[in-house]
Every structure is written in structure tokens, then in C-alpha cells.
Amino acid sequence: LTLQCPEGHIFSTTYNNFKRGRRCRECSKTKMNKNRKVTITNIEQEIKPLGFKIVNSEEYEKSSSIITLCCPKNHVFSIIWNNFKRRGYKCPHCNKEERIEKYHFKLQKYIESEGYKLNNIYFNDNDNLMVNITCSNNHTYDISWGKFKSGSRCLICNGKRRSLGE
């Protein structure tokens, strides 16, 4: 069968396909694209139940655009909508806090087993997990968790750096 849809597109199909609802491919593609388009309204409806708010919607054009959001704990951050959705709707600041809480006990246990005292855990500007520790000689310093775990220890005690008192 050769038919013309209400939009004026001419297409071929079989009687069985037409009966099953398979019609004009052009109209079908257009309808699918309209359904896929993510609008600011769609985003607001999706994030509102999670406690997030849109801070700046003027910069949003499409799902690969950067959008500025505010989480329930009032952290403001900019992120690409697709990435935010794919990562499970997580605020990067809250995610870091959760990771610190999750690993605090394990890190503390390991650091104390090495004869050090854990003072603080944080992420630096490069997103490296950092620990502020005190060695058995009371030298306090910051080191990345990766370096400490791989065997790096107090630079003053190892003679690689002078203390401030010398």
C-alpha cells in the first residue's frame, strides 16, 4: 500500500503493519524527537521531589548544556544535565561528604595501626582524598591518602624536610 499521512508525507506499508499502528516514518521520527527533548519544565518536575532547585535556567538549551542547581543542603553547583542524571542526581559537594563519612572509620583504623593520629579528612582542589595526620613525634602534616597508603610517611622524621623549629 502507498499512502499519504495527514501531514502530507507519502509512505509505503503493508495492510498488516498499518493495522498494527505502524504508519508514516517521518511523523514517527518527529514525534520521538519531541518526546526526547528535555525542557527546563521537565527538569524542574524531575528534581523538585528530590529537593533540588534550578538556580539559573537561562543558560540551559539542551540536555548536554550546563545547568546551575542548588541541592537540599544549599550547595550551588553547575553540571551538565545528562551527567547529573546519569550519576544518580547527586550533588558533588554532598557526594564528597558522604564518601568521607563512609571511609572515615576505615582510614582512621589503618592510620592508627601505622602509629599515626588522624586529625581530618578532606578533598583538595584536584579532588584527591587528603588526610591531615600527626606522627608519633608530634609532626602534623597533610598527605594524600594514596601516598600514605603506598608507604609515604612523615617527611620530617625521614629527614626529607626540616621542621619549622630548626
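Keep in mind that the numbers below use all heavy atoms, side chains included, and drop hydrogens, waters and symmetry copies.
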Backbone N/O of Thr39 and side chain of Asn42: donor-acceptor pair under 3.5 Å: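 Flag set: sc Asn42 to bb Thr39 pair under 3.5 Å.
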May I ask you to decide if Cys154's main-chain N or O and Tyr141's side chain share a donor-acceptor pair within less than 3.5 Å?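 Yes, Tyr141 side chain to Cys154 backbone: donor-acceptor pair under 3.5 Å.
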Please tell me whether [X] and [Y] are part of a single hydrophobic cluster in this structure, the criterion being side-chain heavy atoms less than 4.5 Å apart.
X: Tyr103; Y: Phe123; result: yes
X: Met130; Y: Ile111; result: no
X: Val76; Y: Ile66; result: no

Look up atom [atom1] in [X] and atom [atom2] in [Y], then write down how far apart they are to the nearest 0.5 Å.
X: His75; Y: Cys94; atom1: NE2; atom2: SG; result: 5.0 Å
X: Ile43; Y: Trp81; atom1: CD1; atom2: CH2; result: 5.0 Å
X: Ser136; Y: Lys117; atom1: OG; atom2: NZ; result: 13.5 Å
X: Asp127; Y: Lys96; atom1: CG; atom2: NZ; result: 3.5 Å

Taking atom types as modelled, find out whether Asn132 and Asn120 have a side-chain donor-acceptor pair closer than 3.5 angstrom.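 Checked: Asn132/Asn120 side chains show no N/O donor-acceptor pair below 3.5 Å.
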Do [X] and [Y] touch side chain to side chain, with heavy atoms closer than 4.5 Å?
X: Ile143; Y: Arg153; answer: no
X: His104; Y: Leu118; answer: yes
X: Thr2; Y: Phe11; answer: no
X: Leu3; Y: Phe18; answer: yes
X: Ile54; Y: Ile40; answer: yes
X: Arg23; Y: Cys5; answer: no
X: Asp142; Y: Asn124; answer: no
X: Phe84; Y: Glu46; answer: no

Report the relative orientation of the aromatic rings in Phe148 and Tyr110; use parallel for angles under 30°, tilted for 30 to 60°, perpendicular for over 60°.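 Taking Tyr110 first and then Phe148, their aromatic rings stand perpendicular (interplane angle over 60°).
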Is the ring pair Phe77/Phe52 parallel, tilted or perpendicular, if the boundaries are 30 and 60 degrees?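 Judged by the thresholds at 30° and 60°, the geometry between Phe77 and Phe52 is perpendicular.
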Is atom OH of Tyr122 surrounded by more than 12 heavy atoms (other residues, nucleotides or ligands) closer than 6.0 Å?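 Check passes, neighbour count above 12.
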Does atom OH of Tyr89 have more than 12 heavy-atom neighbours from other groups under 6.0 Å away?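 Count over threshold, so yes.
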